[in-house]
Amino acid sequence: MSENTTCACTSTKAAVEYLNSVEYKEKNFARKALSINPAKACQPLGALLCALGIEGCLPFVHGSQGCAAYFRNTLNRHFREPIPTVSDSMTEDSAVFGGQNNLIEGLKNAYQVYKPSMMAVFTTCMAEVIGDDLNAFINNARAAESIPKDFPIAFAQTPSFVGSHITGFDNMLKALLQSLADTRHGKWTNGRLYLVPGFDTYPGNLREYKKLVRAMGIPLTVLPDAEEAMDAPHTGEYNMYPKGTTMAELADALNASGFIFTQKFSTSGTYKFVKNVQKINTEMVTMPIGIKNTDNFLMALSEMTGKPIPAELEKERGRAVDSATDAHQYIHGKRFAMFGDPDLLLGLTGFLLEMGGIPVHIVCTNGTEAFRKELQKVLDGSPFGKEATVHTGRDLWHLRSLLMTEPVDMLLGDSHGKFDAKDANIPLVRIGFPIVDRVNMHRSPIVGYEGAINLVTMIANTFMEQTDRTCPDRFFELLR
């Protein structure tokens, strides 16, 4: 090895050691104007997922082709399904003169070529920076006969430079209700419960919600219901508009007997609109991850509807408790780091605490102060939550510093966490969005009692696999 090579190796080693030091962590956490690998996406991506849950709806991006390609690509890589959406292809001319002509021509082409039952229009950065008025533009498109005057269109302002994908989901969902739902008919209801899952990229979760609610004999509409858009059966034929929440169910939503929301922070605006403005019987629960959170979800359903919890769900709960007992020794006392969306982290933290796991680092890039306080209450309610620190507004480079200076046993989060996990030499259990380097994980629920079993199984087995892979030969045993 030459002298220059030796010097280069020594310098690289010194640089890595500095990056892993407490001194560098302090400098890293002092930065203000730079974000490095934030754990969030932009608003229009969330709006697109929301629109996919309405049957016959064509999502319409008022912005550039590149933005639309990014949203489609990100969702496609997670679901491994085609993601139908169109763009009105705003370019430099639109940035100067406005995007009205693009929108009018785009609506005309989309209506004629793709023949949707409705469209959901949402904006990107370019349209928002120049101040495009979607309401006026759509009215002008109707006047120009680009689309029929009675053709249903919902629209939402979703600037990419504020909020995140959960904000965009919320804005689009509220816009769907404000634009296309009929006026509430006094005290009369349609007898249906509307379940709002929020920004949930697990079709397995939607199937689990339906199973639990229908087992209680409750007439149900999931709003929006992107189960088949996220997980279409392979029949040899492509269906651009799979089943979802029907236009009739959307139109009648404000006559629901009740709404139950399972994600507080990705549906806050819609929740306030339904509960405070429309005065509908409404409940908000923590995402039912783990046994306790699922218990609370079912109890809320029972109290809202008067329906008892059936014996079949009690048996399912018993199996979840049994699985937790079987795997408890592999999770109890282990130290965890987590990152992801606020509602996911609230549910996961409750699950870990009931398993005796110790959350240490919790990073939520799109978390608010209200979220931090709510999660802190959950942590304070358990002796296993005393070591945890909640970091809102931080990114995955901050998380790396935490992992290198205050080690843990496992990282929970989406595929972007694999780099931090590799550097820290700990396993990553992939939970959240996006998961792009493993297959079919979104098909297994992480909510409900079945979801609790799945989480226990994934985490405990990952620890056991790591033990088998890393232990000395004298400890390589058949039993674990």
Side-chain angles (χ1 to χ4, degrees), residues 43-44 46-62 84-86 103 106-108 110-111 114-123 133-143 146-158 167-186 188-190 192-199 220-229 240-259 261 266-280 282:
Q43 281 205 48
L48 172 55
L49 180 66
C50 181
L52 289 174
I54 307 300
E55 190 171 320
C57 178
L58 179 63
F60 188 109
V61 180
H62 181 50
T85 188
V86 296
L103 183 64
L107 289 174
K108 178 181 178 180
Y111 177 77
Y114 299 112
K115 299 177 174 54
S117 300
M118 64 161 287
M119 283 188 261
V121 182
F122 45 95
T123 54
D133 185 340
L134 284 184
N135 185 43
F137 288 5
I138 292 170
N139 287 335
N140 290 341
R142 295 187 194 279
S146 291
I147 49 174
K149 286 185 168 51
D150 60 349
F151 181 74
I153 293 181
F155 65 90
Q157 308 287 154
T158 53
T167 319
F169 182 96
D170 190 22
N171 287 340
M172 189 74 254
L173 180 56
K174 183 178 177 182
L176 286 166
L177 291 174
Q178 289 179 320
S179 303
L180 302 179
D182 296 336
T183 304
R184 185 168 176 83
H185 300 312
W188 178 87
T189 75
N190 57 24
R192 300 186 67 79
L193 176 73
Y194 279 64
L195 186 148
V196 181
F199 185 89
L220 173 70
T221 292
V222 176
L223 177 69
D225 184 0
E227 178 196 334
E228 290 213 11
M240 188 168 181
Y241 303 112
K243 290 182 179 179
T245 307
T246 65
M247 289 286 293
E249 289 172 316
L250 175 58
D252 208 24
L254 299 183
N255 291 307
S257 62
F259 271 74
F261 291 76
S266 73
T267 59
S268 57
T270 306
Y271 171 79
K272 291 175 183 176
F273 173 72
V274 170
K275 182 177 178 66
N276 299 333
V277 178
Q278 299 298 324
K279 309 296 184 184
I280 300 172
T282 305

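- Taken to the nearest 0.5 Å, the CG atom of D182 stands 9.0 Å off from the CG atom of L250.
- Scanning both residues, G46 and F199, for their nearest heavy atoms gives CA-CE1, 3.8 Å.
- Nearest heavy atoms, G198 versus F169: O-CZ, 3.2 Å.
- Looking only at side-chain heavy atoms (C-beta outward), V61 and P44 stay at 4.5 Å or farther from each other.
- Between V196 and V274 the shortest side-chain heavy-atom distance does not fall below 4.5 Å.
- Side-chain atoms of L52 and P84, non-hydrogen and from C-beta on, do get closer than 4.5 Å to each other.
- Distance check, rounded to the nearest 0.5 Å: CG of L58 to CE of M240 gives 5.0 Å.
- Ring planes of F259 and F261: parallel class, angle under 30° (limits at 30 and 60°).
- L173 has its side chain within reach of L223: a pair of non-hydrogen atoms, C-beta onward, lies under 4.5 Å apart.
- Residues I147 and R142 are in side-chain contact: their nearest non-hydrogen atoms beyond the backbone lie under 4.5 Å apart.
- R184 and A256 get closest at one heavy-atom pair: NH1-O, 3.4 Å.
- In this structure a side-chain-to-backbone donor-acceptor pair under 3.5 Å is present from T245 to D225.
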Going through the checks in order, is the side chain to side chain contact (heavy atoms under 4.5 Å, CB included) test met by V121 and L103? CA-CA 9 Å; V121 182; L103 183 64; 4.2 Å; yes
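- Scanning both residues, A120 and A51, for their nearest heavy atoms gives CB-CB, 3.7 Å.
- Atoms OG1 and CE, on T167 and M172 in that order, are 14.0 Å from each other to the nearest 0.5 Å.
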Evaluate the criterion side chain to side chain contact (heavy atoms under 4.5 Å, CB included) for residue pair N255 and Y194; output intermediate values, then yes/no. CA-CA 10 Å; N255 291 307; Y194 279 64; over 6 Å; no
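- Under a 3.5 Å cut-off, the side chain of S117 and the backbone N or O of C57 do not form any donor-acceptor pair.
- Taking all atoms of both residues into account, the shortest heavy-atom contact from E228 to K243 is CB-O, 3.8 Å.
- With N190 contributing its side chain and D252 its backbone, the two residues share a donor-acceptor pair below 3.5 Å.
- The heavy-atom pair separating M119 from A110 by the smallest distance is SD-CB, 3.9 Å.
- The shortest distance between side-chain heavy atoms of Q157 and L134 falls below 4.5 Å.
- Distance check, rounded to the nearest 0.5 Å: OH of Y114 to OG1 of T85 gives 10.0 Å.
- Partners of E55 by salt bridge (charged side-chain N to carboxylate O under 4.0 Å, His left out), not counting sequence neighbours: none found.
- With contacts defined as side-chain heavy-atom distances shorter than 4.5 Å, the pair Y111/S146 does not qualify.
- Interatomic distance, CZ of F122 versus NE2 of H62, reported as 12.0 Å (0.5 Å rounding).
- Looking only at side-chain heavy atoms (C-beta outward), F137 and L107 stay at 4.5 Å or farther from each other.
- Taking CD of Q43 as the start and CG of N171 as the end, the distance is 5.0 Å to the nearest 0.5 Å.
- Donor-acceptor pairing under 3.5 Å is recorded for the side chains of D170 and T270.
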